[in-house]
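To start, the structure itself, in structure tokens.
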2 protein chains.
Amino acid sequence: MYSIGQISKMFNLPVSTLRYYDREGLFHDMQRTSGIRRFSQKEVDTLRVIECLKRSGMEIKDIKTFLDWCEQGPSTYHKRLEMFQKRKRAVEEEIVRLNRTLDMINYKCWYYTRATEDGGEEKLAALSPEDMPDEIRAAYSSAFGPVE
Amino acid sequence: MYSIGQISKMFNLPVSTLRYYDREGLFHDMQRTSGIRRFSQKEVDTLRVIECLKRSGMEIKDIKTFLDWCEQGPSTYHKRLEMFQKRKRAVEEEIVRLNRTLDMINYKCWYYTRATEDGGEEKLAALSPEDMPDEIRAAYSSAFGPVE
DNA sequence: ATAAAACCTGAAGTTAACTTCAGGTCAAGC
DNA sequence: GCTTGACCTGAAGTTAACTTCAGGTTTTAT
């Protein structure tokens with residue numbers, strides 16, 4: 001059994017956030033001793049799932065829906081599986097998007113590195129696509145379209 | 001030259017969002033003809049950078065700071081390079097986080113797939129760590145800690 | 001020439017996920 | 001016994017990034 005302060009340190013989440021989650025109904029009938037919240041292993045597990053689903057881009061109200069299903073027992077296994085499969089696709093897509101973003105950023109890093117080096121001023125005009133290394137060119141055009 | 005409506009379709013962004021970006025000063029002295037915004041190649045390029053930086057997790061006000069540097073010429077190349085290098089690290093870290101999130105999600109998918117198959121009800125109790133395939137076990141423990 | 005479509009503005013409204021506040025209770029150490 | 005730190009509540013405040021609204025102007029198609 002942990003206090004809210006201990007859980008706050010354990011998960012590196014402000015106490016106010018934990019109380020907010022509780023207010024939103026994310027901790028299904030959590031125990032209390034004279035008004036004070038007692039976090040058990042169940043709430044620790046719940047918080048791990050919350051963190052995972054949040055990082056996957058899910059909103060609190062949808063996380064609550066999922067946690068409600070968990071309270072309803074085995075009859076909701078199928079819904080829960082579908083939900084995680086949907087999250088899996090969402091995260092995979094986000095990783096693809098971020099890799100494309102990284103391509104653009106790498107191009108910009110290459111560009112400004114060139115533009116900055118050897119004194120660095122007034123060199124911009126001299127930068128032409130022929131200077132672009134093949135892997136940067138490939139990444140750039142996958143991100144922005146062809147280098148004309 | 002494009003109208004705001006054309007750009008809206010081109011970038012799949014609502015007209016209201018483009019006007020909001022303009023209000024926030026993201027399009028440095030954009031041209032107008034009798035009050036109506038005219039988007040040139042410069043604004044198209046700016047929007048590509050905005051989209052990239054937004055996906056990298058940057059806030060509008062910081063994107064504005066960057067775009068202001070762009071208007072200040074070569075003296076800001078170094079700042080701009082540093083900024084993109086910081087973005088690069090942020091995106092790389094986010095990709096790592098998302099891959100860990102994916103490990104947890106894959107574990108959950110495995111778990112609920114098992115729990116759902118062959119009739120599916122009341123099978124949960126029978127699920128033990130020995131049933132866990134090695135790659136799921138490895139992913140799970142890297143995400144949640146060891147399977148006890 | 002006129003009506004519809006597309007554009008404009010400033011101001012107010014929205015949403016999610018928290019955080020802060022004011023005022024009060026509980027528990028541990030001295 | 002008393003102070004201090006950790007806990008509690010409901011309500012209000014915050015922030016980012018938009019969106020909507022009300023009312024007006026410009027462009028375009030017939």
Side-chain angles (χ1 to χ4, degrees), chain A residues 1-40 43-44 46-68 87 90 94 97 101, chain B residues 1-40 43-44 46-68 87 90 94 97 101:
Chain A
M1 286 298 200
Y2 308 95
S3 70
I4 199 168
Q6 288 173 311
I7 295 286
S8 166
K9 278 164 202 151
M10 193 181 298
F11 282 88
N12 203 25
L13 285 173
V15 165
S16 64
T17 301
L18 295 168
R19 288 205 267 249
Y20 163 69
Y21 288 169
D22 191 22
R23 224 175 18 254
E24 293 298 303
L26 264 43
F27 303 121
H28 185 79
D29 64 42
M30 169 193 272
Q31 291 205 23
R32 294 197 180 211
T33 54
S34 61
I36 289 172
R37 289 175 185 84
R38 292 296 157 201
F39 290 73
S40 68
E43 280 74 40
V44 171
T46 300
L47 268 169
R48 289 215 269 242
V49 173
I50 292 170
E51 293 278 87
C52 167
L53 293 178
K54 270 193 41 173
R55 265 179 268 118
S56 88
M58 208 162 156
E59 292 180 10
I60 298 292
K61 70 173 193 316
D62 297 321
I63 295 176
K64 178 175 165 39
T65 300
F66 167 75
L67 292 172
D68 288 347
R87 287 296 90 206
E94 179 62 10
R97 259 194 304 280
T101 301
Chain B
M1 285 300 202
Y2 309 95
S3 70
I4 199 168
Q6 288 174 310
I7 294 286
S8 166
K9 277 166 201 147
M10 194 181 298
F11 282 88
N12 202 26
L13 284 173
V15 165
S16 63
T17 300
L18 294 168
R19 288 206 267 249
Y20 163 70
Y21 288 169
D22 191 22
R23 226 176 14 255
E24 293 298 300
L26 264 43
F27 303 121
H28 186 81
D29 63 41
M30 170 192 269
Q31 292 203 23
R32 296 196 179 211
T33 55
S34 62
I36 289 172
R37 289 173 185 85
R38 292 296 159 202
F39 290 73
S40 69
E43 279 74 39
V44 171
T46 299
L47 268 169
R48 289 216 270 241
V49 173
I50 291 170
E51 293 276 89
C52 167
L53 293 179
K54 270 192 43 171
R55 265 180 269 117
S56 87
M58 209 161 154
E59 292 179 11
I60 298 293
K61 70 173 194 314
D62 296 322
I63 296 175
K64 179 177 166 35
T65 300
F66 168 75
L67 291 171
D68 288 347
R87 287 295 90 207
E94 180 62 11
R97 257 194 304 280
T101 301

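All chains are named by letter (A, B, ...) in the order of the sequence lines, taking the proteins before the strands, and each is independently numbered beginning at 1. The figures that follow rest on heavy atoms only: side chains count, while hydrogens, waters and symmetry mates do not.
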Distance, nearest 0.5 Å, that separates [atom1] of [X] from [atom2] of [Y]:
| X | Y | atom1 | atom2 | answer |
| --- | --- | --- | --- | --- |
| B/Q31 | B/R38 | CD | CZ | 10.5 Å |
| B/M58 | B/R87 | CE | CZ | 6.0 Å |
| B/K54 | B/D62 | NZ | CG | 13.5 Å |
| A/L26 | A/Y20 | CG | OH | 8.5 Å |

Any side-chain N or O of B/S3 less than 4.0 Å from the OP1 or OP2 oxygen of C/dA6?
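Result: no.
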Identify the 5'-most and 3'-most nucleotides of DNA chain D with at least one atom closer than 4.0 Å to a non-hydrogen atom of chain A.
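The protein-touched segment is D/dC7 to D/dT9.
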Output yes when a side-chain donor or acceptor of A/S8 lies under 3.5 Å from a complementary backbone atom of A/I4, and no otherwise.
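No; judged by distance alone, with no hydrogens or angles, the pair does not exist.
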Protein-nucleic acid N or O pairs under 3.5 Å, nucleotides 24-30 of chain C:
from   : atom 1 : to    : atom 2 : distance (Å)
C/dA27 : OP1    : A/S34 : OG     : 3.3

Heavy-atom nearest nucleotide on DNA chain D for B/P14 versus A/D22: which residue maps closer to 5'?
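First, find each residue's nearest nucleotide; the 5'-ward one identifies A/D22.
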At 4.0 Å (heavy atoms only), tell me whether A/R37 reaches a base, stays on the sugar-phosphate, or touches nothing.
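Here A/R37 touches the backbone only, sparing every base.
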Look at all strands and tell whether A/S16 reaches a base, only sugar-phosphate, or nothing, counting heavy atoms closer than 4.0 Å.
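A/S16: base contact, heavy atoms under 4.0 Å.
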Please state how far atom CE in B/M1 lies from atom C1' in C/dA6, giving the value in whole angstrom units.
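Going from B/M1 (CE) to C/dA6 (C1'), I get 18 Å.
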Checking A/E43 against A/S40: is there a side-chain donor and acceptor pair closer than 3.5 Å?
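Side chains of A/S40 and A/E43: pair found under 3.5 Å.
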Contact between A/F11 and A/L18 at the side-chain level, heavy atoms closer than 4.5 Å - yes or no?
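No, too far: nothing below the 4.5 Å cut-off.
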Pick the nucleotide of DNA chain C nearest each of A/K61 and A/R23; which residue has the one closer to the 5' end?
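It is A/K61, whose closest nucleotide lies nearer the 5' terminus.
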Do the side chains of B/E51 and B/R48 get close enough for a salt bridge, i.e. N-O under 4.0 angstrom?
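No, B/E51 and B/R48 are not salt-bridged.
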